[in-house]
Each structure stands twice: as structure tokens, then as C-alpha cells.
Protein chains: 2
Amino acid sequence: MAVTLREVAARAGVSRSAVSRTFTDGASVSEKTRKKVEKAAKELGYRPSLIARSLATNRTKLIGLIANNFQNPAFLEIFDLFTSELQRRGFRPLLVNLTNESDPEKSLVLLRQYNVDGVILATSTLPPSFASAFRQADIPIVHTFGKSDASTDVHVVGIDNLRCGEMAAQTLADRGYRSVAVLGGPKTATSTQDRLAGFSQRASELGLKIADIRFAANYTYAAGREAMSGLLTENRVEAVFCGDDLICIGAMDSARGDGLSIPADIGFLGFNDITIASWAAYDLTTIRQPIRDIILSSVELVVAIVDDPGRSAEVRLFPCSIVERSTLRPSRRE
Amino acid sequence: MAVTLREVAARAGVSRSAVSRTFTDGASVSEKTRKKVEKAAKELGYRPSLIARSLATNRTKLIGLIANNFQNPAFLEIFDLFTSELQRRGFRPLLVNLTNESDPEKSLVLLRQYNVDGVILATSTLPPSFASAFRQADIPIVHTFGKSDASTDVHVVGIDNLRCGEMAAQTLADRGYRSVAVLGGPKTATSTQDRLAGFSQRASELGLKIADIRFAANYTYAAGREAMSGLLTENRVEAVFCGDDLICIGAMDSARGDGLSIPADIGFLGFNDITIASWAAYDLTTIRQPIRDIILSSVELVVAIVDDPGRSAEVRLFPCSIVERSTLRPSRRE
DNA sequence: ACTCATATTGCAATCGGTTGCAGTTGTGAA
DNA sequence: TTCACAACTGCAACCGATTGCAATATGAGT
């Protein structure tokens with residue numbers, strides 16, 4: 001068994017409280033006893049049990065991290081940032097994988113049982129109501145990549161998908177495209193819907209024709225490829241705006257498989273700017289989502305609301321930017 | 001605050017023990033009280049606190065998952081499998097990201113403080129001694145993708161890297177290659193060393209010349225690309241055996257950037273068979289590591305040794321197989 | 001040296017469960 | 001009806017910490 005408070009206290013010749021206090025900062029202990037305790041603790045190899053501490057303080061330093069997209073490489077970076085940033089702040093991520101989970105609500109029960117201090121919901125494919133269930137259970141939550149919803153009042157960190165959709169339409173129009181297709185992510189994702197709305201809106205303002213609209217079943221290469229091949233057999237378009245780089249890459253391979261060359265025969269505009277987008281084989285022009293800012297901000301926010309749960313819901317939106325590479329023809333202005 | 005045992009007991013008109021027992025299986029409770037308790041619990045929305053339970057039972061149902069490779073998409077699949085399999089068995093993963101961590105030993109302290117039931121160390125770039133530190137701290141560990149080491153006596157699940165190296169050499173020789181290069185993963189990784197050893201051994205038996213040996217700094221596209229460009233400027237080889245698909249893809253793009261065509265001018269043999277390897281732009285011939293079997297087996301093993309810590313160290317090695325695609329010229333036998 | 005405010009200390013209750021033990025209840029066999 | 005035995009129940013101690021409170025020690029000011 002591990003060394004406990006009691007043993008350290010005995011060896012240092014002080015009370016258990018004294019030991020406890022030297023290990024919680026801000027507590028009142030004299031320099032003298034602190035030294036004694038630290039010496040004894042070191043000799044014994046003592047580390048406070050976080051479990052016991054959690055029980056006593058009702059704080060676990062655990063943050064639930066819910067994700068349902070373990071196919072998209074974008075999430076690798078996301079996990080990396082989340083875990084290292086949480087770690088840096090002295091929290092641990094308790095990962096919940098909802099990818100193959102039929103009943104997402106179970107995660108609430110689970111995270112509640114572990115008494116996590118807060119939850120980060122990193123997905124755009126679960127509805128705001130899911131996030132708000134946490135809030136109703138009084139567990140601090142931030143919905144990263146989520147959509148703010150006036151009625152649910154949940155903290156959201158992400159991008160302005162509407163504006164990004166507009167940006168995409170503008171970009172395509174600027175390059176002189178007249179007839180394009182949209183190949184979105186999963187139809188029910190709020191991000192998909194908002195981007196499409198923004199895109200349609202601006203497209204109609206600009207006289208850009210949307211010849212076809214498709215949705216990939218999920219954020220995978222295969223789904224992108226599949227959706228694109230359907231699109232190609234039924235419609236001829238000059239360019240396609242994809243809801244995700246991975247989907248876009250699948251779509252590009254599908255087009256190339258049909259003998260089309262990019263961007264001469266068909267243009268592609270991606271979304272996210274994942275690492276792969278910069279690979280030579282694809283060199284994808286895409287709309288960049290500032291993942292790093294979003295994640296760091298999410299972590300900062302969740303930690304902040306742990307300390308101040310009453311805080312009213314905040315929406316933090318970061319700006320996207322276009323990354324010019326070679327899958328669209330050059331702008332007419334150049 | 002959450003509902004506690006005490007309240008349920010009061011409402012059901014029984015003792016706290018009775019409530020506790022109806023929620024721990026195998027305990028002795030009459031059908032009658034069980035019903036009463038369940039009714040009360042449901043009405044109150046009671047869920048046992050896992051924190052409190054952990055303190056009392058000294059079991060947390062938490063499994064530490066240590067990884068240091070958040071760049072390689074292979075790990076996305078690995079995380080997916082790990083988390084969902086642990087979840088399925090009623091455990092939770094406590095993720096530790098060692099990617100940018102200078103002092104890996106800290107993870108031991110941390111996981112010990114959380115009193116995790118067991119640890120899965122999923123990396124081939126940390127030495128067996130690191131794994132054995134956990135064993136010495138009496139915390140059950142399995143080293144996935146690790147190397148067994150007689151002196152440290154740690155459970156290992158993975159592949160026989162030596163044999164895989166041999167397989168690679170054999171494959172290249174079979175295709176009639178005479179002079180090849182090896183572009184390994186990080187030099188200090190045990191997997192890299194073993195594959196190289198197996199490769200060299202078999203190569204010399206087969207009269208296959210190893211014209212150059214390089215190591216990518218890490219498992220990334222950029223590192224592969226970088227290492228390959230160095231190789232190309234100094235040596236002319238017919239094919240290269242890469243220590244990882246991602247590295248290989250970087251290398252391929254580097255070669256293509258130099259105007260080489262694959263497999264006409266140069267052949268590539270990858271390792272792992274990640275999803276991307278099957279993408280049309282690469283269509284990589286590679287040696288497949290049965291990731292799924294490895295992960296499921298690791299989880300099964302760690303859970304088993306949680307219940308029986310005395311169990312002596314086991315090494316589970318799964319067979320690899322070659323996946324034929326189009327980056328090597330066809331076998332002479334065909 | 002004496003007071004009094006302030007800093008430290010230890011006691012004991014508490015967090016929310018589990019579990020060994022002894023006492024109680026219920027059952028079937030005699 | 002009685003007895004032995006098994007099944008069930010509740011008591012109370014415990015898991016390893018934190019923390020309010022009262023008691024004690026310290027130190028500054030006079």
C-alpha cells in the first residue's frame with residue numbers, strides 16, 4: 001500500500017492536519033513544521049492520494065473530454081492540444097469515446113459518477129441540447145465546435161460557421177467559378193448546416209450557382225469519395241466546396257480517378273487545414289480553422305467556470321482564414 | 001449536491017449497508033430489500049460515487065493510457081480501440097500525453113496519485129526500463145508495441161519486429177531489388193532497432209545490398225520527407241523500406257518531388273497499413289500490423305493482471321502480413 | 001514583564017462509500 | 001413444535017484525505 005498522511009505525521013511528529021496543510025497551498029503552516037513534514041514525506045516517498053482528496057474537497061481535477069470522431073486526423077491534433085494543455089494546468093482528461101455509442105446520454109451518468117470538475121464536448125455533430133443536459137446537471141461544460149443556442153445557454157468555443165460559408169462562396173466567386181457544388185459533412189451537424197446557409201446566402205448574392213448539394217455520411221475519406229462519385233455521375237460542376245479536408249481529399253481522389261485534373265478540370269476548396277492538406281499529393285486550398293486557439297481557449301474557459309459556475313454563458317468565436325494552395329484556379333484579381 | 005447512500009437508505013427504510021450491497025454485485029441482499037432500495041434510488045436519481053467507492057475499495061476502474069505519439073494518424077485508431085474497449089469493460093482511460101514531456105517519469109507519480117488500477121504504455125520509443133518502473137511501483141502494466149526484456153519482466157503485447165524486418169527484406173528480394181535503403185523511425189525506438197536487425201540479417205543472407213540507412217526524427221510526414229531528401233541526394237537506390245507508413249508517404253512525396261515515379265524509378269515498402277496507405281494518391285504496399293488484435297489483447301491483459309497481479313510476465317506477439325498495393329514492382333514469381 | 005493580536009496547531013467531524021462481524025430472521029427437516 | 005443452518009441485516013470501523021473551530025504559541029508594542 002501507498003504511504004499515507006498518518007505515517008508521515010507520525011514520522012514528522014506532527015498532526016495529520018499539519019501534513020495535509022503543508023501539501024495544500026495557501027494553508028497556514030510554519031516554516032519549521034513544513035520542513036519537518038517535507039523531510040518525512042520525502043523519506044517515505046509520500047504523495048497525497050488524489051482520490052481521498054477528491055472525496056474531501058469535492059474536486060477531482062478531472063475534466064471529461066467527449067469526442068465522437070476518431071476517424072479524422074484533425075482530432076489527433078485536437079487530442080494532443082487538449083491533453084497537454086489540461087495537463088499543464090494540473091487537470092487530467094477523462095476521455096469518453098462516443099464514436100460507436102448508441103446512447104450518448106450514458107456519458108453524462110458516467111462523468112457524473114466520476115465527479116469530473118468539468119466537461120469539454122468536442123463535436124459539432126451533437127445538438128446543443130446534449131450539452132445543456134450537463135449544464136442542467138450542474139456540471140460545468142463548454143461545447144467546443146458547438147453552436148450557441150439562446151435557449152440552452154451553454155458556453156461555446158468555435159468559429160462562426162455562417163461567416164465561413166460566406167467566405168467560401170466569396171472565394172469561389174472571386175476565382176471566376178460560376179457553377180459549383182457543396183459537399184458537406186454530416187447533414188445533421190450544426191456546423192454543416194450553418195456553413196451551407198452562409199454559403200447559399202452569399203452565393204445567391206454573387207450569382208454563383210449551386211448545382212448540387214451532397215452530404216458525406218461522416219468525416220472520412222471513404223465518405224467523401226463516395227459522395228463525390230455520386231455527384232460526378234449526375235452533375236458537371238466547376239468546383240466543389242467541401243465541409244472538411246478529409247472529405248475533400250476523398251472527393252479529389254474520386255475526381256482524379258475519373259480522369260479529371262485539379263484545378264484545370266475541377267476545383268476544390270477544403271475546410272480545416274489539417275496537416276494532410278499541405279501534403280504534396282493534395283496541396284489543398286482550404287479554409288483554416290484556428291484549432292490551437294480554439295482548444296486553448298476551451299480549456300481556459302472550462303477551468304475558469306469550474307471556479308465560477310455561476311458565470312453566464314459565453315460564446316467565443318475565432319476567425320477563419322483562407323489558405324491558398326493549388327486546388328483552385330487563381331483569383332481573377334491577380 | 002448529488003444524492004448519497006444515506007438519503008436512499010432513509011427513504012427506503014433500510015441501513016446504508018443494505019443500499020451499498022444492492023449496488024455491488026455478488027453481495028447478499030434479499031429480493032425484497034433490493035426492490036425497496038432500487039425504487040428509492042430511482043426516485044432520487046441516485047448513482048454511487050465512484051470516488052468514494054474507490055477510496056473504500058482501493059480500486060478505481062481507471063486505466064492509465066500513456067502515449068507519446070500524437071502526430072501519427074495510426075494513433076487515432078489506437079485511441080479509438082483503446083477507449084472503446086476499456087469503456088466496454090467498465091473501465092475508463094486516463095490519458096497521459098508524453099509527446100512534449102521532457103520528464104516521462106512524472107507520469108508514474110501522477111498515475112499513482114490517481115491510484116489507477118493499471119497502465120497501458122502504448123509506445124515503442126520508451127525503453128523497457130520505463131515500463132518496469134511501474135511494475136516496481138506495483139502497478140500493473142502492459143507495454144503495448146514494446147519489447148520484452150528478460151531482466152525487467154514486463155507484460156508485452158505487439159509484434160515480432162525482428163521477423164517483420166526479415167519479411168521486409170524477403171519481400172524486396174522477391175521483387176528483384178538488389179540495392180535498397182532503410183528509412184527507419186526514430187533511431188532509439190526498440191521497434192526500429194529490431195526491424196533493422198531483422199532486415200539486415202535477412203538482406204545479407206539474400207545478397208540484398210543496403211546502400212543507405214537513415215532514421216526519421218519522429219513518426220511524421222515531415223520527418224520522412226526530410227530524411228528521404230537527404231537520402232536521394234547522396235545515394236541512388238532501387239527501393240526503400242520505411243519504418244512507418246507516414247514516414248513512407250513523406251518519403252514518396254519527396255521522391256516524386258524529384259521527378260521520380262513510383263514504382264518505375266523507385267519502390268517503397270511501408271509499415272503499419274494505416275488508412276491513408278490505401279488512399280489512391282499513395283496506394284502503398286506495406287506490412288500490416290494487426291492493430292486491432294494488439295489493442296484488444298492489451299486491454300484484456302491489463303484487466304486480467306489487475307485481478308491477478310502476481311501473474312508472471314507474458315509476451316503476446318501477433319503476426320504481420322504484407323499488403324500488396326502498387327508501390328513495389330511485381331514479384332518475379334508472378 | 002505584560003497584553004493582545006496574529007499565526008500555528010491539533011481535535012474531531014466529514015466526504016460517500018465498503019465490509020467484517022455479530023445478531024436476527026426465515027427455512028426445512030426431524 | 002423445535003432445532004440447526006443459511007440467508008439476511010445493521011453496526012461501526014475504515015479508506016485517506018480536508019477543514020472549522022478552539023486551544024496554544026509567537027511576537028510586537030509598551
Side-chain angles (χ1 to χ4, degrees), chain A residues 1-38 40-41 44-62 90 109-117 138, chain B residues 1-38 40-41 44-62 90 109-117 138:
Chain A
M1 278 309 303
V3 184
T4 73
L5 258 197
R6 177 175 247 101
E7 305 168 47
V8 177
R11 174 180 268 254
V14 298
S15 72
R16 285 151 61 218
S17 327
V19 179
S20 170
R21 291 198 251 256
T22 97
F23 283 95
T24 81
D25 33 32
S28 149
V29 240
S30 68
E31 201 52 32
K32 198 167 56 176
T33 49
R34 170 182 297 278
K35 282 277 175 287
K36 275 195 298 190
V37 169
E38 279 172 351
L44 261 29
Y46 168 79
R47 302 282 163 184
S49 154
L50 295 183
I51 299 292
R53 174 177 295 179
S54 295
L55 184 58
T57 59
N58 201 28
R59 285 292 184 85
T60 52
K61 292 280 184 179
L62 249 25
V109 173
L110 224 150
L111 291 174
R112 214 230 283 267
Q113 283 192 280
Y114 269 106
N115 199 12
V116 294
D117 287 346
D138 262 326
Chain B
M1 277 309 306
V3 184
T4 73
L5 256 196
R6 176 175 249 102
E7 305 169 46
V8 177
R11 175 180 267 256
V14 298
S15 72
R16 286 152 60 219
S17 326
V19 179
S20 170
R21 287 187 177 111
T22 96
F23 283 95
T24 81
D25 33 32
S28 146
V29 238
S30 68
E31 201 51 34
K32 197 167 57 175
T33 48
R34 168 182 298 277
K35 283 277 175 287
K36 274 194 299 191
V37 170
E38 279 172 350
L44 262 29
Y46 169 77
R47 303 282 164 184
S49 153
L50 294 183
I51 299 292
R53 176 177 291 178
S54 295
L55 184 59
T57 60
N58 202 26
R59 285 293 183 85
T60 52
K61 292 279 185 182
L62 247 27
V109 173
L110 225 151
L111 291 173
R112 214 230 282 268
Q113 282 191 282
Y114 270 107
N115 201 11
V116 296
D117 287 346
D138 261 326

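The structure displayed is predicted, hence computed values, not measured ones. All chains are named by letter (A, B, ...) in the order of the sequence lines, taking the proteins before the strands, and each is independently numbered beginning at 1.
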(request) Indicate yes or no: does E31(B) engage K35(B) in a salt bridge with an N to O separation below 4.0 Å. (result)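 Looking at E31(B) and K35(B), the cut-off is met.
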(message) Counting distance alone, no hydrogens or angles: does the base of dG16(D) have a donor or acceptor under 3.5 Å from a partner atom on the side chain of R6(A)?
(response)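 Result: no qualifying N/O pair found.
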(request) Confirm from the modelled atom types if S17(A) and dC11(C) form a donor-acceptor pair under 3.5 Å, side chain to base only. (result)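 In this structure, the two groups form a donor-acceptor pair.
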(request) Write down the atom of Q113(A), the atom of R47(B), and the distance for their closest heavy-atom approach. (result)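 For Q113(A) and R47(B), the tightest heavy-atom pair comes out as CG-CB, 3.9 Å.
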What is the distance, to the nearest angstrom, from the [atom1] atom on [X] to the [atom2] atom on [N]?
{"X": "D25(A)", "N": "dT19(D)", "atom1": "CG", "atom2": "P", "value": "11 Å"}
{"X": "L55(B)", "N": "dC15(D)", "atom1": "CG", "atom2": "P", "value": "9 Å"}
{"X": "R59(B)", "N": "dG16(C)", "atom1": "CZ", "atom2": "C1'", "value": "19 Å"}
{"X": "I51(A)", "N": "dT18(C)", "atom1": "CD1", "atom2": "P", "value": "14 Å"}
{"X": "Y114(A)", "N": "dG17(C)", "atom1": "OH", "atom2": "P", "value": "14 Å"}
{"X": "K36(A)", "N": "dT8(C)", "atom1": "NZ", "atom2": "C1'", "value": "11 Å"}
{"X": "L5(B)", "N": "dT14(C)", "atom1": "CG", "atom2": "C1'", "value": "15 Å"}
{"X": "F23(B)", "N": "dT19(C)", "atom1": "CZ", "atom2": "P", "value": "15 Å"}

(message) Both E31(A) and R53(B) contact DNA chain C. Which one's nearest nucleotide lies toward the 5' end?
(response)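 Between the two, 5'-proximity favours E31(A).
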Reckon [X] touches a base, only the sugar-phosphate, or nothing at all at heavy-atom distances under 4.0 Å?
{"X": "S20(A)", "value": "base"}
{"X": "R47(B)", "value": "sugar-phosphate"}
{"X": "V29(A)", "value": "sugar-phosphate"}
{"X": "T24(A)", "value": "sugar-phosphate"}
{"X": "T33(B)", "value": "sugar-phosphate"}

(request) Could you work out which one of dC8(D), dA17(D), dT8(C) sits closest to the side chain of S28(B)? (result)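 Nearest listed nucleotide: dC8(D).
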(message) Looking only at the side chain of R21(A) (C-beta and beyond, no hydrogens), which of the listed nucleotides dC11(C), dA17(D), dT9(D) gets closest?
(response)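 Given the options dC11(C), dA17(D), dT9(D), the side chain of R21(A) is closest to dC11(C).
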(request) Say whether, by atom type as modelled, one donor and one acceptor occur between the side chain of S20(B) and the main chain of R16(B) under 3.5 angstrom. (result)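 Such a contact is absent between S20(B) side chain and R16(B) backbone.
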(request) For T24(A) and A27(A), indicate whether the former's side chain and the latter's backbone hold a donor-acceptor pair under 3.5 Å. (result)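 Answer holds: no.
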(message) Quick check on dC15(D): is either OP1 or OP2 less than 4.0 Å from any side-chain nitrogen or oxygen of T4(A)?
(response)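 For T4(A), the contact criterion (side-chain N or O under 4.0 Å from OP1 or OP2 of dC15(D)) is not met.
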(message) When you measure from the side-chain N and O atoms of S49(B) to the phosphate of dG16(C), is any distance below 4.0 Å, counting only OP1 and OP2?
(response)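 S49(B) to dG16(C) OP1/OP2: no side-chain N or O under 4.0 Å.
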(request) On DNA chain D, check which nucleotide each of V14(B) and T57(A) is closest to and give me the residue with the more 5' one. (result)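 So the residue in question is V14(B).
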(request) With side chain to side chain contact (heavy atoms under 4.5 Å, CB included) as the test, would you mind laying out the steps for T22(B) and T33(B) before giving the verdict? (result) CA-CA 8 Å; T22(B) 96; T33(B) 48; 5.5 Å; no
(message) Apply side chain to side chain contact (heavy atoms under 4.5 Å, CB included) to residues V19(A) and V14(A) and explain how you reach the verdict.
(response) CA-CA 7 Å; V19(A) 179; V14(A) 298; 3.9 Å; yes
